[in-house]
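Before any comments, here is the structure.
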Amino acid sequence: MPRSRISEEFPHGPLHAMLAVAVLVTIYPVLWVFSIAFSGKQSLAIADLPPTPTAGDRLRAVVPWPEKLSVSNFTSVMSDQPFARWMLNSALVAIFTTLLGVFLACTAAYAFSRFKFPGRRVGMMAFLVSQMFPGTLMLIPLYIIIVQLLGLGSSRIGLIIVYATTSIPFSVWMLKGYFDTIPKELEEAAVIEGASAGKIFWRIVLPLAKPAVAITALFSFMTAWNEFILAATFMDKENMYTAPVGLRFFVGGFSQQWGYFAAGSIIVSIPVVLLFLYLQKYLVSGLTAGGVKG
Amino acid sequence: MPAPPAHRLRFLIAVALGAVLGAVLLRGFVSDASRQVADEAQERQAVVTLQALTSLVRRAGGEGDAVRSAVAAWQSRTPSAPQARVFRADGIRLEASTAPDDAGDRAAPRRLRREEKPLYDRSQRIAAAVQTNREEQQARKPEIEVAPAGARLSLAGPLEKNGAVVGIVEIETAPLPLPKPAGWSGFLLALIAPIAVFGGLAFLLGEKRLPLLAAAVVCVAASLSWMGRAAVSELAAQQQRAAEQVAERVRDQATVTQAVATAQVLPGAAAAPGSWDVDDFRQPLGLLTPDGSVNPQRLAQAVDTAARELRRTLLGAGALALALLLLVGLGAFNLIGRSLRRHRQAYLYIAPAILGMVVLVFFPFTYGVTLSFTDSNLYNTGKAISDVWIGLRNYADILGDFAFIKRGDGGSFVNYLNFYWTLLFTIIWTVCNVTIGVVSGLILALVLNTRALALRPIYRVVLILPWAMPNYITALIWKGMFHQQFGVINQVIQLFGFPAVSWFDRPASSFLTALATNGWLSFPFMMVVSLGALQSIPADLYEAARVDGASRLQQFKAITLPSLRPALVPAVIISVVWTFNMFNIIYLVTGGEPGSSTEILVTQAYKFAFERYRYGYAAAYSTVIFGILLVYGSIQNRVSRATEA
Amino acid sequence: MRTLLGIAALALAALASVPADAAEIVVWHAYRAGEKSALEKVAAAYNSSHPSTKVSTLAVPYDAFADKISAAVPRGKGPDVFIYAQDRLGGWIEAGNTVEPIDFFLDPETKARFIPTTMEAMTYKGTVYGLPLNYKCITLIYNKKLVSAPPKDSDELVAIAKKLTDKGAGRFGLAYAYSDYYYHAALQNAFGGYVFEGGAKPAINNPANVKALEYLLKWLDKDAILPAEPSTALITALFNDGKTAMIFNGPWFLGEIASNVQYGLAPLPKIKEAGDKPMRPWMTVEGAFVAAPSKNKDAAYDFIKYLTDKPAGIIMALEGRQSPANQSAYTDAKVAADPVLKSFHDQVEVAVPMPNLPEMTMVWSPATTVMNSVTRHAASPKAALDAAQAAISKDVAGLRKK
């Protein structure tokens, strides 16, 4: 197992201290979400401060632990609206977005990495450039294309197409960078053995590129999983809404139900976190395939 | 094996294609222009009729039997015999009508029926338009509505009494004659002549590239310019005829109204009939003299403007045709075709992704850029693009405003709405965020990469969490944490005995809140990227370096940094672009407070579109953002390529 | 086989219960919880009494609602009816093909059943575009333990408030979000202030507005009855802790009041210095609008007429906790007995509909700057309003420029 040894001689104590601080900063807002969700209340504050708060009172207000534990927020979120159905919609949309997006990105990135052809540089640039036009003004033109021209309003397919396309540029850039680091010799050997280009791509290159594919898959999944405004605009039936649309019912307008929102956020985040855990080993095993050489 | 040169054939095809394209375009534009002149003439005649009738109705007192008999008398004397209706808003009453349907039990006067809502709405619309134009002292909303109704035109204008709109007068013209289509002979000649002439010339010239090229260009250009010139002079003649028709209508109506007014003994004097020739806003067009004959100077001016416009369009079309000719003639298409064939596989691989991008990214992009050259806003969303086209003015307004610092009576202050301030702020925002992300991500990655560090997997999972949470959730939670009264951050500050800070009151502290939120969100991505790159560095490299006696810093510089480069550079580029356009965080956390000082360019563009309803301006703003990032991208690309080599 | 037949029969029955030519009316709204179920109940009642029409509802998250209407309705893909507050009305009318003018349908009896000012909120440039459903405005909410009789005018208010203010102990006689322009408008309207004149001409720096701001400064500095930094959260905390006796707030606040606080509602006081004129809060009116591209405008209008009628108003009031715009709903015994509904009905007598001009969106940001700088003594009322006037005029001119 190749490993850097740069910090080998560092004592581990300070490193742990540093990581502990980082973990605290990272996890604190998350714990905050949890305590609001389990407080059974709808308020942002989890502890009422007395009129003249003492240091102890303030310390209490800073600790992310609700005064009273309750799961009522979770049960209300799941039972007052078809939240499970919305989660299902989100899951379907996100999974197919991932499949479509990753497939399209892989093929394109492979071509950009392996073939020399006119328009290659322009093409790569075009993908990057597409990220540069602010997306907030795209709502109306996208509505015209998807709903008016393609007739895909209130359909998951419409969302899948849009999300997959949105995630392609990042995926292509990531994958192309990764493919570049996979030694060409492997493919050349396969060519000599008479393998077709398709076979080389599917059997040799893709398996080697698993880490980068994992990252792009994750990215595509999250793009689809979190998007709100297009889903709310394209879907005209309540049972076609996605989970983020459902979540937004709780904040906005005159009343803000932070408790429901926090509980819903946790429910919505769980699949993504699980996916992260599952893909962990790929995530950290590298974005360059250099390792396979050793 | 190069094929033997076939310049003659290729140029012949090029001439044919160029001639066809040119002739078709020219014919299209010319018949468009001529239809426009014809339509305009019809419309003006109808407006004259409407205005004449309105003046009669007003003189007849605007309501009652006097109006009905005046309208009937006018109808019987008007040769073109349009249907006329007078509608009064008070009481939702059809006051007079000569329409065949409005006879018997439907005869005027009567209340409108339920299915006649459009007539009522039209009256309301016109009344509101007159009021709006008067309030704003400009011509913004049409006061005379002209709408096609089958082959007829339906017109409506306000009926005023003592300066207030009390109803409308509506006429529907007799079916309009179809405009005569332009002849085909000129078109065919422009098509065939250059091909034939070039064929002859090519035979004489032989397989010589340059002479052939010159001959081809001359043939096509000459034929098109002949066709164009003929079209322009034809158009001028048509305009002349149109003006005479309108003048004739004015004189007709003058006699008719005079006769009706005398027969019905209507009070008041007739207005100058020439003033009936008005535009949609009831502003005189001025092409006629007050007594209703053609004003030759004004007409000549109008003809001139129209001719200049047509000439410009035709020049564009001609240039397009010549460009096609050159492309084909010089073999560009051959080249493209060959390249497509040779790199079939590569194009096949990228085609699906590119197709998706073209439809869903580049089409909206083109839409946005086109919009940026217009003054499209809430008030003119329905109009054609050519009507709101303002060229580069939005860009001039945005980029030409250097009033960065404004001087008021209370001293000078920064104008937060100024583009350059927002740009500066956006750059500071981007640089700070990316630096924080890269530095903290890299440090954590280096620490996490320590061999045999206990609890490493747990740290890793926790530190990735911010990436996994949907960012609008974290944005809202962080905003809550900065809450002046209940926010945790202020509780901690007060715990140490300092007074609570109201974070969103000052630009600097407000900026800090957004920075903290986005830093929290963005370091995991950089950490994962760096970690991955670090792990792929072969250990023997460090081994070798140590053997050579390199210090740890030297190792870091010589081995670690270069190995991180390939992974970090694209990540940095893409995160610069993302941060530059990071809408959610700014919009949800600071909302631009205080006083728009913490807006970045995208949120500003959003506000121009959705709070100030200036779509064109917002689109220009977005295009400028795009341009800035494009410049950044290409510089970065060049720099990183240069350092690579 | 038998189950299949059964299903087929059921399906046929379902088909038969709705006549083939039933007009389908789709209603979009941004309601949740009680308001949503009340609206659904009204729709169900309508469906059972009107077999020729089938009304269905769709809830859209508030954050996406306006954009969704702007994107979908003008392209003919939207609903037949939608429910929204009047603040976007002018914008949609100017954009065109979104809201259907309805005053042709509107007979005098229907018009007469609404509180006149709510009808005014539905009117744009002389044409009526929707039927008012409910209204929201702020009123005086007081702690019954601290205040025995609510003040009728500003002298009483200041007297009571001064007695109850003890800044050292963090007690304030009066607290409201006075630096929020929406709340301040009540005072501004008492002085006869306005934002636009002669149609849509910005005139925020008119003398009445200056006077209103100066008067606010009197409460803040001379009488010293108000807390600094009046955030909504602070006001909630003060009121729930019994540290402020009186607040100005709207119906959305009632859910935030702690259960142990005994509160009462009363109309906002009259202002002596404004010629004994009452404080007149701005109100937002939610209207039911017929979408311009709807294919069933007659049926859609029929439904919104039903929705804004007395029986539906009673349901929306009692179950949706809305203040109906229909006056006759308040004659219902249960509604009349409801102190909250009654109090807001009293307050609405003097409420002023918030302008429904599209130009209004350009006012909020400069007006917020005015309120912040004046209440922090960073600028004089006149100077701050002049700066706002310049900013608003520039934006409005940008929109109008040809």
Side-chain angles (χ1 to χ4, degrees), chain A residues 2-8 12 15 18-19 22-23 26-27 29-30 32-33 44-45 55 58-59 61-62 104 107-108 110-111 115 117-118 123 128-134 136-138 141-142 162 165 168 170 173 177 197 226 265 269 272-273 276-277 283-288 290-291 294, chain B residues 339 343 345-346 349-350 352-353 356-357 360-361 364-365 367-368 444 447 449-451 453 459 462-466 468-470 473 477 480 486 488 491-492 494-495 528-529 531-539 542 555 560 566-567 570 577 581 583 602 605-606 609 622 625-626 629-630 633:
Chain A
R3 276 285 146 77
S4 123
R5 293 190 190 163
I6 177 137
S7 0
E8 192 178 48
H12 284 188
L15 294 185
M18 205 167 144
L19 284 172
V23 164
T26 308
I27 210 163
V30 182
W32 204 250
V33 179
L44 252 186
R58 292 214 188 277
L59 201 58
V62 170
L104 294 183
T107 49
Y110 185 65
F115 301 123
F117 55 91
L128 183 64
V129 158
S130 71
Q131 300 285 289
M132 296 172 176
F133 201 75
T136 42
L137 297 171
M138 297 283 199
L142 282 178
V162 177
T165 327
I168 282 177
F170 168 83
W173 267 70
N226 291 340
S265 302
S269 302
V272 188
V273 173
F276 259 85
L277 293 183
L283 284 185
V284 292
S285 69
L287 281 166
T288 55
Chain B
S339 148
H343 303 285
Q345 205 172 17
Y349 270 69
I350 59 168
M357 299 289 293
L360 290 173
V361 178
F365 172 76
Y367 174 93
L444 286 173
V447 173
N449 201 35
T450 313
R451 201 158 65 151
L453 188 74
Y459 287 132
V462 172
L463 290 177
I464 281 179
L465 270 185
M469 299 262 290
I473 295 178
I477 293 294
F486 302 111
V488 180
Q491 301 295 348
V492 175
Q494 284 168 311
L495 202 58
V528 166
V529 169
L531 201 54
L534 282 177
Q535 300 218 325
S536 59
I537 303 174
Y542 291 107
Q555 284 176 37
T560 315
V577 174
N581 285 344
F583 179 81
V602 258
Y606 177 85
S622 303
I625 297 174
F626 168 76
L629 285 174
L630 193 64

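Throughout, a chain's letter reflects where its sequence line sits, starting with A, and its residues are numbered from 1.
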If you look at every heavy atom in B:V447 and A:M18, which pair is closest and at what distance? CG2-CE, 3.9 Å
What are the two closest heavy atoms between A:W32 and B:I477, and how far apart are they? CD1-CG2, 4.4 Å
Which residues satisfy the side-chain contact (heavy atoms from CB on, under 4.5 Å) test with A:P141, sequence neighbours excluded? B:P364, B:Y367
When rounded to the nearest 0.5 angstrom, what distance separates CE in B:M469 from OG1 in A:T26? 11.5 Å
Interatomic distance, CD@B:Q345 vs CZ@A:F115, rounded to 0.5 Å, equals 4.0 Å
May I ask you to name which of A:I27, A:L104, A:V162 has the most heavy-atom pairs under 4.5 Å with chain B? A:L104
What part of A:F117 gets within 4.5 angstrom of chain B, counting heavy atoms only: side chain, backbone, both, or neither? both
Is A:L277 in contact with chain B via its backbone, its side chain, both, or neither, using a 4.5 Å heavy-atom distance? side chain
Is B:A346 in contact with chain A via its backbone, its side chain, both, or neither, using a 4.5 Å heavy-atom distance? both
Under 4.5 Å, counting heavy-atom pairs only, tell me which of B:V492, B:L444, B:L495 racks up the most with chain A. B:L495
Please examine the side chains of B:V462 and A:V30, heavy atoms only from C-beta on, and report whether any two atoms are closer than 4.5 Å. no
